[in-house]
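The structure displayed is predicted, hence computed values, not measured ones. Numbering of ligands and ligand atoms starts at 1, following listing order.
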Amino acid sequence: MTTDRRTNRRLIVLGSTGSIGTNTLNVVDHLNRTASASIKVVGLAAGRNIKALIDQARWFNVENVAIADADQQQQVSDALPDCTVFAGPDAAEKLVHEVEATDCAAAIVGAAGLRPTLAAIRHGLTISLSNKETLVAAGELVRPMLSEYGATLIPVDSEHSAIFQCLNGHGSSPRNRVKRIVLTASGGPFRTADKQTIQNATVDQALRHPTWSMGPKITIDSATMMNKALEIIEAHWLFDLPGEKIDLLIHPESVVHSFVEFTDNSTLAQLGPPDMRTPIQYALTYPDRAGGCSDAMDWSKLRGLSFEPVDFERFESPKLGYRVIEAGGTAGAVLNAANETGVKAFLERRIPFGRIVELTGEALSEIPVERVDSLETVLDADRRARQYVRSRLADLSPTPPVPAR
Ligand code: NDP
């Protein structure tokens with residue numbers, strides 16, 4: 001992209017009240033104040049948190065907001081009388097269709113982000129993509145749509161932002177020059193735990209991430225390491241790489257965000273503090289850079305960087321990512337939906353921690369893979385996976401809920 005992205009930008013933030021959404025608005029404010037950027041926030045979309053949504057709309061003088069929880073529409077309209085308020089399950093998608101924009105931060109969690117992100121692609125927007133679930137479930141649809149509608153995806157996920165930055169300057173099709181990429185993983189709260197402890201981990205333990213502060217769903221995905229399965233698939237679609245060229249490495253300090261190893265055995269890595277504002281800012285300023293919103297690393301205080309292989313015996317979930325790439329078609333939608341349903345059930349203390357990954361693997365085995373030829377095929381696979389996991393939960397119903405500790 002050669003245009004100066006500092007001027008006349010009109011940004012929609014989807015999932016504005018979440019961890020990434022809030023950080024995105026902080027970065028926008030920082031860029032507008034310090035980097036002579038003019039990014040106008042023209043739309044905000046949230047799920048249920050109307051207090052944060054209203055505060056954000058007032059802060060940025062936003063004229064259009066969307067709230068998925070239709071019951072709260074009146075309260076939002078009363079608080080923001082000059083604002084157009086979209087409400088209901090498809091409110092975010094409507095907002096994207098109705099509001100003129102140049103950019104979109106796609107930061108809704110889970111499959112709920114799929115339709116609004118596809119709408120942003122249809123409008124040819126430049127999208128800073130956090131909602132990895134869109135690529136996991138519908139990468140096969142997304143890739144051709146990007147060229148058809150002239151939309152651009154810039155990854156926000158720290159690992160993919162790292163790869164994206166390392167590949168800059170390596171031509172439009174770096175695939176042939178890349179020997180492999182290595183996605184780093186902190187290992188989450190159970191990096192050193194034995195299998196039995198992991199199987200029976202409590203909600204509180206699983207929500208205690210050692211290095212990153214994130215929303216609950218991705219925090220659980222990090223604890224099961226299903227997040228790496230999602231990221232392997234995300235990398236496959238973003239960088240057009242086969243599974244054999246995507247590796248994982250545990251790196252507990254979360255400072256090296258990922259590596260690219262080129263065919264000449266030279267390796268590039270991107271390093272920085274574990275602070276999502278850095279990749280968010282890069283996505284918003286790309287291909288330029290601006291003064292950082294997050295703190296710089298104090299390298300003199302860093303006592304070392306350590307790496308270890310993933311123990312696939314204790315953490316089986318990343319293998320599901322490779323399995324999905326191999327299977328293609330609707331397998332990604334099944335994995336994503338089954339995992340989401342499992343995570344929800346765990347957070348509701350209805351299943352043990354270890355069942356999340358087991359149920360996702362079972363759904364992948366039980367639900368036949370179909371070719372993805374439309375959004376409907378993806379949504380149908382998503383529905384079937386959710387139904388499958390729910391039916392397995394019903395089988396478990398005589399068991400008392402897992403107690404909170
Ligand atoms: P959070 O749970 O913190 O936030 C989720 C956001 O999505 C909230 O604003 C929520 O609204 C909104 N939302 C949920 N359902 C809907 C809906 N139906 N319509 C509109 N908005 C909705 O999640 P995170 O910010 O942690 O994660 C967001 C995405 O970014 C995920 O895909 C995650 O995997 C990815 N990601 C996150 C990272 C992080 O550091 N947090 C790092 C890398 C990727 P409300 O709160 O009002 O209900």
Side-chain angles (χ1 to χ4, degrees), residues 12-27 43-57 65-73 75-76 85-96 104-117 119-120 127-137 154-162 183-186 188 207 209 211-222 224 226-231 233-235 238 254 257-258 273-280 282-283 294 336 339-340 343-344 347:
I12 292 173
V13 183
L14 302 172
S16 64
T17 51
S19 168
I20 293 281
T22 309
N23 275 323
T24 301
L25 290 173
N26 288 331
V27 171
L44 298 172
R48 304 179 47 85
N49 185 349
I50 61 166
K51 183 180 177 319
L53 181 69
I54 291 165
D55 288 347
Q56 292 174 341
V65 299
I67 185 82
D69 179 6
D71 291 345
Q72 302 195 81
Q73 178 174 21
Q75 272 169 279
V76 179
V85 180
F86 301 87
D90 57 353
E93 186 185 359
K94 275 195 207 144
L95 175 96
V96 176
C104 175
I108 292 176
V109 64
L114 177 57
R115 281 175 175 279
T117 308
I127 301 161
S128 18
L129 183 78
S130 305
N131 178 247
K132 63 188 93 184
E133 295 90 343
T134 289
L135 280 179
V136 172
I154 306 175
V156 167
D157 221 347
S158 57
E159 296 79 359
H160 303 73
S161 173
L183 305 176
T184 53
S186 71
L207 283 175
H209 197 281
T211 46
W212 293 97
S213 157
M214 309 180 285
K217 193 250 174 188
I218 186 174
T219 305
I220 299 301
D221 287 345
S222 299
T224 56
M226 187 65 84
N227 191 38
K228 291 300 141 185
L230 303 178
E231 288 181 0
I233 304 163
E234 184 184 13
L238 279 172
S254 300
H257 295 306
S258 280
D275 184 333
M276 283 310 293
R277 288 174 301 176
T278 310
I280 290 170
Y282 184 71
S294 50
N336 185 57
N339 176 55
E340 247 178 77
V343 169
K344 184 167 181 285
L347 286 172

Expected output: side-chain [X] to main-chain [Y] donor-acceptor under 3.5 Å:
| X | Y | result |
| --- | --- | --- |
| Glu340 | Ala111 | yes |
| Gln73 | Ile67 | no |
| Asn131 | Gly110 | yes |
| Gln56 | Ser16 | yes |
| Asp157 | Glu159 | no |
| Asn49 | Ala52 | yes |
| Lys228 | Thr184 | yes |

Nearest protein heavy atom to [atom], by residue and atom, and its distance?
| atom | result |
| --- | --- |
| atom 3 (O) of ligand 1 | Ser19 N, 2.9 Å |
| atom 4 (O) of ligand 1 | Gly18 CA, 3.1 Å |
| atom 26 (O) of ligand 1 | Gly215 N, 2.9 Å |
| atom 35 (C) of ligand 1 | Ser130 O, 3.2 Å |
| atom 19 (N) of ligand 1 | Ala68 CB, 3.7 Å |
| atom 34 (O) of ligand 1 | Lys132 CE, 3.3 Å |
| atom 25 (O) of ligand 1 | Ile20 N, 2.9 Å |
| atom 11 (O) of ligand 1 | Gly47 N, 2.9 Å |

Verdict with reasoning, Ile218 to Val109, per side-chain contact (heavy atoms from CB on, under 4.5 Å): CA-CA 8 Å; Ile218 186 174; Val109 64; over 6 Å; no
Looking at [X], which atoms of ligand 1 are within less than 4.0 Å of one of its heavy atoms?
| X | answer |
| --- | --- |
| Pro216 | 2 (O) |
| Asn131 | 32 (O) |
| Ala112 | 18 (N) |

Among [options], which one puts a heavy atom closest to [atom]?
| atom | options | answer |
| --- | --- | --- |
| atom 41 (N) of ligand 1 | Arg277, Gln72, Met214, His160 | Met214 |
| atom 31 (C) of ligand 1 | Glu133, Gln56, Lys217, Arg48 | Glu133 |
| atom 36 (N) of ligand 1 | Ile67, Ile218, Asp275 | Ile218 |

Taking non-hydrogen atoms only, is [X] closer than 4.0 angstrom to ligand 1 via side chain, backbone, both or neither?
| X | result |
| --- | --- |
| Thr17 | both |
| Ala46 | both |
| Ala107 | backbone |

Would [X] count as a polar contact of ligand 1, with the cut-off being nitrogen or oxygen pairs under 3.5 Å?
| X | answer |
| --- | --- |
| Ala45 | no |
| Gly21 | no |
| Asp157 | no |

Heavy-atom distance under 4.5 Å between the side chains of Leu114 and Thr134, does that happen here?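 Leu114 vs Thr134: side chains touch.
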Just checking, is any N or O donor in the side chain of Thr278 or Ser294 under 3.5 Å from an acceptor N or O on the other one?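 Indeed, the side chains of Thr278 and Ser294 share at least one donor-acceptor pair under 3.5 Å.
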Quick one: do Lys217 and Leu347 satisfy side-chain contact (heavy atoms from CB on, under 4.5 Å)? Show the steps, please. CA-CA 9 Å; Lys217 193 250 174 188; Leu347 286 172; 5.7 Å; no
Which heavy atom of Ser161 sits nearest a heavy atom of Val156, and at what distance?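 The answer is CB-O, 4.1 Å.
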